[in-house]
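Just so we're on the same page: letters track the sequence lines, and every chain starts at 1.
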Amino acid sequence: MELTTKNIEQLYKFTKDHFVDWYDLQTELVDHLANDIEEIWKKNPSISFETARDISFKKFGIFGFGDIVEQKQNALSKHYWKEVLKEFVQFFRLPKIILTVFFCIGTYSLFSYFNNGYFIFSLIFLTTAIYPMFRLYKHVWRVKRRNKSNNKSWQLDGIIYQTAFFPYIVLCPYSTIVDLFFKPSFTPNQLIFFSVSLVLFSLLFYVSTEIVSPNMQKKMVKLFPDYAIV
Amino acid sequence: MNNQKLYKGSLQTIILNLLDEKGKLYGYEITKLVKEITKGNLTISEGALYPTLHKLESEGVLEVEITTFNNRKRKYYFLTQKGKEEKVTRLKELESFLNTMQSLINSKSLT
């Protein structure tokens with residue numbers, strides 16, 4: 001006896017009701033439950049779909065899908081940041097290191113030329129607050145548009161949300177940064193520190209949002225064409 | 001089974017070896033195969049299998065593909081090149097572990 005399309009839809013709802021929000025993970029668990037239910041039916045065909053489903057679900061232990069969800073989240077998050085680090089390190093190896101040095105010298109020259117708190121603070125604020133905000137808005141808009149068309153949530157989107165927020169952790173000591181605004185000028189050492197920090201932050205953000213996220217999204221589309229935005 | 005704890009540390013090696021032999025497998029198939037091969041002596045729990053598969057996937061040891069089976073989607077796992085190399089290393093480590101255990105068990109000082 002095989003499961004009907006209606007049964008499969010019921011299993012998707014069942015996984016969602018048991019705190020599995022992501023469609024990609026739901027799909028794997030639905031297939032597992034479906035296989036097990038069919039196996040149970042082979043031995044006992046008179047059993048109802050709901051009873052067979054509950055027998056199968058019990059095999060996941062007392063925490064149900066909880067552990068699987070949590071560990072999948074950890075695994076993907078770790079993978080994401082590992083990829084970011086792998087790409088980020090490239091900017092300190094030839095040939096990309098030339099670009100990094102060029103950016104550092106360029107930013108330092110710019111800061112030296114306009115050596116005042118107003119300019120430096122504005123540039124730091126623009127790069128670390130306004131631009132990430134714009135990226136976050138763009139991502140939210142894309143996710144909403146996708147969800148509207150197929151009503152599915154994806155684990156990868158959650159990870160990308162997190163990365164869009166990470167610049168704000170850097171901004172935690174903002175009260176200190178605000179003080180910079182009123183400084184008339186800075187020493188060369190301070191300017192080197194600001195330039196290098198800003199370049200490193202920008203590179204990290206660029207790698208995460210422009211290289212790693214799109215690569216992982218492309219891979220996701222290959223696996224689940226529904227992930228693509230129509 | 002009482003000896004499940006003994007197998008726990010070898011779960012990744014078991015999965016890698018099965019995937020190397022069979023090419024590609026989905027989650028439920030792995031649990032079924034292990035049960036069949038060991039004649040029911042070893043049962044991989046769902047709560048241990050999927051986190052292990054996801055971990056290996058995120059480490060680039062496994063690659064996945066989605067196919068349609070009947071009216072549902074199925075996620076297959078297969079070894080990457082890194083996975084094939086990892087399998088060889090893991091098997092060597094397991095072999096060395098088994099030899100060490102064998103020497104310890106057969107040691108006269110223990111008998």
Can you confirm whether [X] is buried at [atom1], in the sense that more than 12 heavy atoms of other residues, nucleotides or ligands lie under 6.0 Å from that atom?
X        : atom1 : result
B:Glu95  : CD    : no
A:Lys152 : NZ    : yes
A:Phe92  : CZ    : yes
A:Lys13  : NZ    : no
A:Phe193 : CZ    : no

Nearest 0.5 Å, what's the [atom1]-[atom2] distance between [X] and [Y]?
X       : Y       : atom1 : atom2 : answer
A:Ile8  : B:Asn71 : CD1   : CG    : 4.5 Å
A:Glu39 : B:Lys32 : CD    : NZ    : 4.0 Å
B:Glu46 : A:Asp67 : CD    : CG    : 12.5 Å
B:Thr52 : A:Gln71 : OG1   : CD    : 7.5 Å

Looking at chain A, which one of B:Pro51, B:Gly47, B:Gly60 has the largest number of heavy-atom pairs inside 4.5 Å, strictly under?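 Option with the top pair count is B:Pro51.
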Contact summary for B:Ser58 and A:Ala75, nearest pair of heavy atoms: CB-O, 3.4 Å
Residue [X] versus chain B: region with a heavy atom under 4.5 Å:
X        : answer
A:Asp36  : both
A:Lys78  : neither
A:Leu25  : side chain
A:Ile68  : both
A:Phe224 : side chain

Only one of B:Tyr26, B:Tyr50, B:Tyr28 clears side chain to side chain donor-acceptor pair (under 3.5 Å) with A:His32; which?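 With A:His32 as partner, side chain to side chain donor-acceptor pair (under 3.5 Å) holds for just one option, B:Tyr50.
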Exactly one candidate in B:Arg74, B:Lys73, B:Lys75 meets side chain to side chain donor-acceptor pair (under 3.5 Å) with A:Asp31; the answer is B:Arg74
Taking only Lys NZ, Arg NE, NH1 and NH2, and the carboxylate oxygens of Asp or Glu, determine whether A:Glu38 and B:Arg72 approach each other closer than 4.0 Å.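 Salt bridge present between A:Glu38 and B:Arg72.
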Less than 4.0 Å between a side-chain N and a carboxylate O, is that true for A:Lys219 and B:Glu63? yes
Would you say B:Asn70's side chain and A:Glu2's backbone share a donor-acceptor pair under 3.5 angstrom?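 No.
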Run the side-chain contact (heavy atoms from CB on, under 4.5 Å) check on A:Glu28 and B:His54 step by step: do they pass? CA-CA 11 Å; A:Glu28 187 167 36; B:His54 298 153; 2.8 Å; yes
